[in-house]
Amino acid sequence: QVQLVESGGGLVQAGGSLRLSCASSGRSFNTYTMGWFRQDPGKEREFVAAISGSGGRTTYTNSVKDRFTISRDNAKNTVYLQMNSLKPEDTAVYFCAAGRQYILTTSLPDFRSWGQGTQVTVSS
């Protein structure tokens, strides 16, 4: 079972930036798609961004394109989410997740290992 631990959340003003990190304890980290999801209370968990095992391919939900950047350091078994130009509507608990091997996916059921989540709050 892969263990994922997120860090880097916090309170920031609109227009500010945060960088989330997710450290993995799993083997063969560089073969797994890694993703970030977010969830507001009372709402469904939604896809934010994903990155292929090699880091060569990325995909984003439309609302964060050009503001968020997902990256990974396979030597450190860590994936990152750089969030710039934050908006109040970005406020949520952000979750890191490990997806399928060798396939870049955005579908929530394909992500089977999850971190505990980290709170991001953007004030207006």
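- At least one side-chain heavy atom of Leu108 sits less than 4.5 Å from a side-chain heavy atom of Arg45.
- When atom types are taken as modelled, the side chain of Gln39 and the backbone of Ala92 share no donor-acceptor pair closer than 3.5 angstrom.
- Sorted by first then second residue, the salt bridge (charged side-chain N to carboxylate O under 4.0 Å, His left out) pairs that include residues 64-83, not counting sequence neighbours, are Arg67-Asp90.
- Using modelled atom types, no side-chain atom of Gln101 and backbone atom of Thr31 make a donor-acceptor pair closer than 3.5 Å.
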> Run the side-chain contact (heavy atoms from CB on, under 4.5 Å) check on Trp114 and Glu6 step by step: do they pass?
Replying inline: CA-CA 10 Å; Trp114 294 84; Glu6 302 102 332; over 6 Å; no
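- Taking CZ from Phe111 and CG from Leu4, the interatomic distance works out to 11.0 Å, rounded to the nearest 0.5 Å.
- The closest donor-acceptor contact from the side chain of Gln3 to the backbone of Ser25 lies at 3.5 Å or more, if one exists at all.
- Note: Phe37 and Phe47 have perpendicular aromatic rings, judged against thresholds of 30 and 60 degrees for the angle between ring planes.
- You'll find the side chain of Val79 reaches within 4.5 Å of the side chain of Cys96, heavy atoms only.
- A donor-acceptor contact closer than 3.5 angstrom is absent between the side chains of Thr91 and Glu89.
- Side-chain N or O atoms of Tyr60 include one that pairs as donor or acceptor with a backbone N or O of Ile70 at under 3.5 Å.
- Under the 4.5 Å side-chain heavy-atom criterion for ILVMFWY residues, a single connected hydrophobic cluster contains both Ile51 and Val2.
- In this structure, Thr33 and Ile103 approach most closely via the heavy-atom pair OG1-O, 2.5 Å.
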>> Determine whether Phe29 and Met34 satisfy the following criterion, side-chain contact (heavy atoms from CB on, under 4.5 Å), listing intermediate values before the conclusion.
In response: CA-CA 9 Å; Phe29 177 76; Met34 296 298 295; 3.9 Å; yes
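- A donor-acceptor pair shorter than 3.5 Å cannot be found between the side chains of Ser24 and Asn77.
- Here OG of Ser7 is found 9.0 Å from OH of Tyr80. Values are rounded to the nearest 0.5 Å.
- Note that the CH2 atom of Trp36 and the CD atom of Glu46 stand 14.5 Å from one another [nearest 0.5 Å].
- The two residues Ala14 and Ser124 make their nearest non-hydrogen contact at CB-CA, 4.4 Å.
- Side chain of Thr121 to main chain of Leu11: no donor-acceptor pair is present (N/O by atom type, distance under 3.5 Å, no hydrogens or angles).
- In this structure, the separation between OG on Ser123 and CD on Gln13 is 5.0 Å, given to the nearest 0.5 Å.
- Residues Asn74 and Asn30 come closest through the heavy atom pair ND2-CB, 3.3 Å.
- With Ser52 contributing its side chain and Arg57 its backbone, the two residues share a donor-acceptor pair below 3.5 Å.
- With Phe95 as the aromatic partner, Arg38 does not meet the cation-pi criteria of under 6.0 angstrom to the ring centre and within 45 degrees of the ring axis.
- You'll find the side chain of Ser17 stays beyond 4.5 Å of the side chain of Met83, heavy atoms only.
- A distance of 5.0 Å separates CG in Leu20 from CG in Leu81, rounded to the nearest 0.5 Å.
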